[in-house]
Amino acid sequence: MGPSKHGTDNNRGLTGHAYTLYQRFNHALSLGNRFCGDKAKKWQCMDIEIQRHVVHSIAAFLDYISGDTLHHPLVKASVSDIVGALVWILQSNKGAMLSMAADVTLKLVSILPKSVLQLYALDLVNPLSSLLSSHQTEVAISCAAALNLSLSNLSTKSGKEVWDVLKKTEIVSQVITNLRCFPGCAKQVEYFQEMALLLSTILWWWSPSRFSVWSDAELMKGLNDMLDNYGKAAVLKLYSSIALCGHGTKKLLESGEVLEQMVQCMNNSHPHPVRIEGFKLAQCLAINENTCLQMMRLCCKPIIKAIISGMSELSSNSRKVSNEQMSLLEEACRLALITRWTGEHHIHLWKQGIDKILLDLLFNFRNQQYKHSMSLDEQIATAKEGLNANYLLVLRSYIWDILGWLAIHCGEDFHPESELYINILITCACLTFVDAIRKWHKIYEKDNAGVFRSESATRAVFMMIYSPCKYIASRTRTILSEILEPDGLEYLKTLVHFLNNLSSWTEFGMPDRLQIIIYLMGFACYSGLPQYQTWVVKRRGVKTLLALMRWCLSNDFHIERSSFAPHLHNAVCERICCWVSAEDWEGKDILLFFSLWGLAELIQHSLCIGNNQDRISCEMRHIEAQLVSELQDICTNSCAPGLQWYAAFILSYFGYYGFPGKHAKRIGKALNEKDDADIQLILANGECLSVHGVVLAIQCPSLLPPEVLLPGEVTSDDSSGGGSMETCRGFQKDIRLSAHVDHQALVMLLDYIYLGYLQAGDELAKKLRTLAKRCNLQSLLQMLCRKRPKWGTAFPSIDLNVALGPSGHCFSDVILEAKATELLGWTCGVCSLPRPHMHAHKVVLSSSCDYLRALFKSGMQESHLETIKVSISWEAMVKLGNCFYSESCLLKYYTLLPIYLCGSWPKLQQLMPHLYIASYAILANLNRLMRCWLKWFVQHLFNSLNSEASFDCHLSICH
């Protein structure tokens, strides 16, 4: 068959030597044979000389095309023939030709445009992955590099097909073998690097590949050794891909050597590419608050020094920044965003002069000659001059975010070493914020990037105004007030008018979401400035924010900051697995969050306005019932701690103190029930209150004397082989309280302990403050004193899981006994019962499961059992117990019902998605009604497992 024909029109633009080489390539192909394959024509030839001739002609042709020539129609049309020939030659596996063919294939994938390469990635994957085990080191290196480039440019839609091919070739195990036992040769460093980079790309794309890597102890140890001797950048990149899996991150954090090597690679003694990969790895390890703080506990000071070094990369005598320097600066700034979480690293950042570093990045402050002390007017002039220089604009959003986080997490009495640096930073942020609200439309029309920077600056001003640090908050209010003059009130009227009209906007006529956010944050900033607060309250600012709050709730209008802040977009978050997902403190409803924040400030201020107070109070009475219900619903159903805190904070102004939650509703059922109560609180006047020791021990241990918290006597008489159990059932303890304890205050405190919140008037709240302080209930005391919530604090909730440990054993009144299994070394620290069991509490089980509640209250013989035998494994029992005692009770109220009736459920202990299939085996043995119910239950459990990372079901993703 002759060469493929292309129209003469396609030859235009490809004349001279390039077209001659193209013709030679086509002639070489004609020496072989084309046959019709499954989807297209394929080329084949067994003659090694013809193969050599074809490879040489392809190499010559590829050497001559570049740039615009790559997009020429004739070149694009020839790619299919080139790929077909190379695939055949690679698959023929003839040693003499493999090296040449692999090199040419690498050249091809290196120069092809991404859109073209994606079309042929699937064709190249099989031959390239099959040759990774080649004994010819050069062949393995070229194939690994070519395959890495192909996979790096892969399209999402072809990901599954490619992974199916890679699984068949067992590529992951092959690459692991290559890394563990790579050959000793002249190119061993290059061999190791290419294999590590390839494995990194595979882990990035396909989460099922990660388990076999992080669980390979020999490989993990070997990688750390290689970090000392071979390609540091490649190993760091591989570590970053391993860290995409939560379990992989755990392994890396457990290895002190990995962290030590990572930090060393981040310092300025290493080349930029190595430092950049070090910063990227640190970002992966700090992907959420828990792992970030764990990393900080292990090596806080070295990491902070590395961040400061990276952010100080620019020389003092040059304004030119290379691409590598810019990449390093950006990665260092991205890692510095760990300031979003409170911790020791804040202290070290201030000690290392983070304020001066930020100012240097903002407008090259180090090269300017400024006085050590400036008046406010001089500070404003200096800030304007620096901002107008437009220095390193790409870093502006990072600078504002870091500044805001530093301010919001500052201590109350913190004072910066240099007032000049922080004052100019505050001034720059305030100027950018005022420009944003003054010239919104001009900024938006001309500079989208400027809009994003304006949002970050506005947010920084907001955080500094409400900073716990007296110095920063005071200076920000002063500087902002000065910059706003004389037109500040006009700007405020614009914001109020815009927000008042927002609730009338339809989905299709809604203004830009960034404008909404900036204006709302701006309104919250104004609400923190004393000279504007009274005007806002008198112009019904409370009503404006209430309308906006309800508009957010009714329209289900969710905005997460990362969705519109480009500098926060992190592709890593889209690739992770086996992680417990955690929202930012303000959550995915930032409009609702800032509405609540502003509302809290205005309600607090409205109570201080003399003549206006009665009118405000009258307005509040009309809406109080509905508002209280809405706020309690936010506390109960929101996943964002910031939303919950501010809803609870506002509730305190209506006499509701505490933290409503779902679990509190469950355990609150037992508040007035005396059946399972085992403690009596006796007041000085002889009045008694019956309570449950386990609830007090977890929620308010200060109410119990130390001797009550000691484990009680629990004995076992197993002489009959049945393991009969004597627990402290019927145990009653009288606790006499001081004469200073008020009966009504104690009743309200018990409401808080059981329900999570209480309702009290101002006089009773005063008594409760004393009681809460003595009982060390700091969160309740904060609400009773109406102190503003601290940013980043977890929302308090009732979690009785601790009661399954030693602190709850002395209050146990029932035992859950698992199915008899051989557990080597299993012992109970409380009793001598030999079979696996759990010391539980009827009050908790009854509140969590309607079936058990009915069982305990039935009066039948079973209701008095001291031991309940449950036919599931011990592992399943542990999971089940944690469900009953935690706030996130996935199995709701009927968990034990199918277990108890079915007698056995072998797969329950694994609590993984395959439970969905296994459970249907039970359906055949149940009546029709029960089958329908259990089918619903299994589906519900399956859905829950897919959404809750608190179970180990995510481990199956790695497998």
Side-chain angles (χ1 to χ4, degrees), residues 90-91 93 98-99 102-103 105-106 109 121-122 124-154 159-185 187-227 229-245 247-248 251-252 258 277 281 284 575 577 958-959:
L90 290 172
Q91 287 178 333
N93 204 11
L98 282 181
S99 182
D103 288 342
T105 304
L106 175 57
V109 299
L122 191 60
L124 293 167
V125 165
N126 187 54
L128 291 175
S129 57
S130 299
L131 289 171
L132 295 177
S133 58
S134 172
H135 295 297
Q136 297 183 53
T137 306
E138 293 81 1
V139 172
I141 291 173
S142 297
C143 287
L147 185 55
N148 185 37
L149 281 171
S150 300
L151 298 181
S152 298
N153 293 285
L154 197 63
K160 185 180 183 305
E161 290 181 280
V162 171
W163 176 239
D164 289 339
V165 174
L166 294 177
K167 282 194 295 184
K168 289 179 182 177
T169 60
E170 298 182 342
I171 187 170
V172 176
S173 59
Q174 181 58 57
V175 176
I176 290 175
T177 300
N178 291 352
L179 287 173
R180 285 193 307 210
C181 312
F182 62 94
C185 62
K187 292 188 175 182
Q188 60 180 355
V189 174
E190 185 182 356
Y191 181 93
F192 176 83
Q193 289 177 341
E194 293 300 341
M195 291 298 168
L197 290 172
L198 173 59
L199 185 56
S200 173
T201 302
I202 294 171
L203 299 185
W204 170 266
W205 271 101
W206 297 284
S207 57
S209 63
R210 296 167 189 164
F211 172 77
S212 55
V213 178
W214 63 256
S215 62
D216 191 317
E218 183 181 349
L219 173 65
M220 295 296 284
K221 183 181 182 302
L223 288 177
N224 194 50
D225 295 338
M226 295 303 106
L227 198 56
N229 305 311
Y230 297 100
K232 294 180 184 294
V235 176
L236 292 169
K237 192 176 184 68
L238 179 53
Y239 277 150
S240 296
S241 293
I242 292 172
L244 294 174
C245 173
H247 300 288
K251 288 283 186 183
L252 293 174
V258 171
E277 290 303 330
L281 173 56
C284 289
R575 295 288 175 184
C577 70
C958 290
H959 287 284

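Sequential numbering from 1 along the given sequence is applied to the chain's residues. Everything quoted here is computed from the prediction, not taken from an experiment.
The distance from atom OG1 of Thr105 to atom CG of Leu128, rounded to the nearest 0.5 Å, is 6.0 Å. Atom-to-atom distance recorded for Lys251:NZ and Ser215:OG is 8.0 Å, nearest 0.5 angstrom. To the nearest 0.5 Å, atoms CD (Glu170) and CG (Leu132) are separated by 12.5 Å. With values rounded to the nearest 0.5 angstrom, Lys237 atom NZ is found 12.5 Å from Leu199 atom CG. Here the straight-line distance linking atom CZ of Arg575 with atom CG of Leu244 works out to 9.0 Å at 0.5 Å rounding. Cys143 SG to Leu131 CG: the interatomic distance, rounded to the nearest 0.5 Å, is 4.5 Å.
Looking at residues two or more places apart in sequence or on another chain, you find a side-chain contact (heavy atoms from CB on, under 4.5 Å) between Asp216 and Ile176, Arg180, Glu218, Leu219. Listed by chain and number, the residues in a side-chain contact (heavy atoms from CB on, under 4.5 Å) with Ala234 are Gln193, Ala196, Leu197 (sequence neighbours excluded). Residues meeting the side-chain contact (heavy atoms from CB on, under 4.5 Å) test with Thr201, sequence neighbours left out: Asn148, Leu151, Ser152, Trp205. Every residue two or more places apart in sequence or in another chain was checked for a salt bridge (Lys or Arg N to Asp or Glu O under 4.0 Å) with Lys168, and none qualifies. Scored by the side-chain hydrogen bond (donor to acceptor under 3.5 Å, both in side chains) test, Ser150 finds no partners at all (sequence neighbours excluded). Not a single side-chain hydrogen bond (donor to acceptor under 3.5 Å, both in side chains) links Glu190 to another residue, sequence neighbours left out.
Here the side chains of Glu138 and Leu98 are not in contact, with every heavy-atom distance at 4.5 Å or above. Between Trp214 and Leu252 there is no side-chain heavy-atom pair separated by less than 4.5 Å. Counting heavy atoms from C-beta on, the side chains of Leu166 and Val172 never come closer than 4.5 Å.
Summarising the geometry of Gly159 relative to Trp206, their closest heavy-atom pair is O-NE1, 3.1 Å, with the distance given to 0.1 Å. When all heavy atoms of Leu90 and Ala102 are compared, the pair lying nearest together is CD2-N, 3.9 Å. Nearest heavy-atom pair, Ser212 versus Ser209, reported as atom, atom and distance to 0.1 Å: OG-O, 3.2 Å. Minimum heavy-atom separation, Ser142 to Asp103: OG-OD1, 2.6 Å.
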- Using the side-chain contact (heavy atoms from CB on, under 4.5 Å) rule, take Leu281 and Glu277 through it: C-alpha gap first, then chi angles, then the decisive distance, then the call. CA-CA 6 Å; Leu281 173 56; Glu277 290 303 330; over 6 Å; no

- Pair Met220-Ile242, side-chain contact (heavy atoms from CB on, under 4.5 Å): steps then yes or no: CA-CA 10 Å; Met220 295 296 284; Ile242 292 172; 3.9 Å; yes

- Please walk me through it: do Leu147 and Leu124 pass side-chain contact (heavy atoms from CB on, under 4.5 Å)? CA-CA 8 Å; Leu147 185 55; Leu124 293 167; over 6 Å; no

- Apply the test side-chain contact (heavy atoms from CB on, under 4.5 Å) to residues Trp163 and Val125: give CA-CA distance (whole Å), side-chain angles for both, the deciding distance (0.1 Å), then the verdict. CA-CA 9 Å; Trp163 176 239; Val125 165; over 6 Å; no

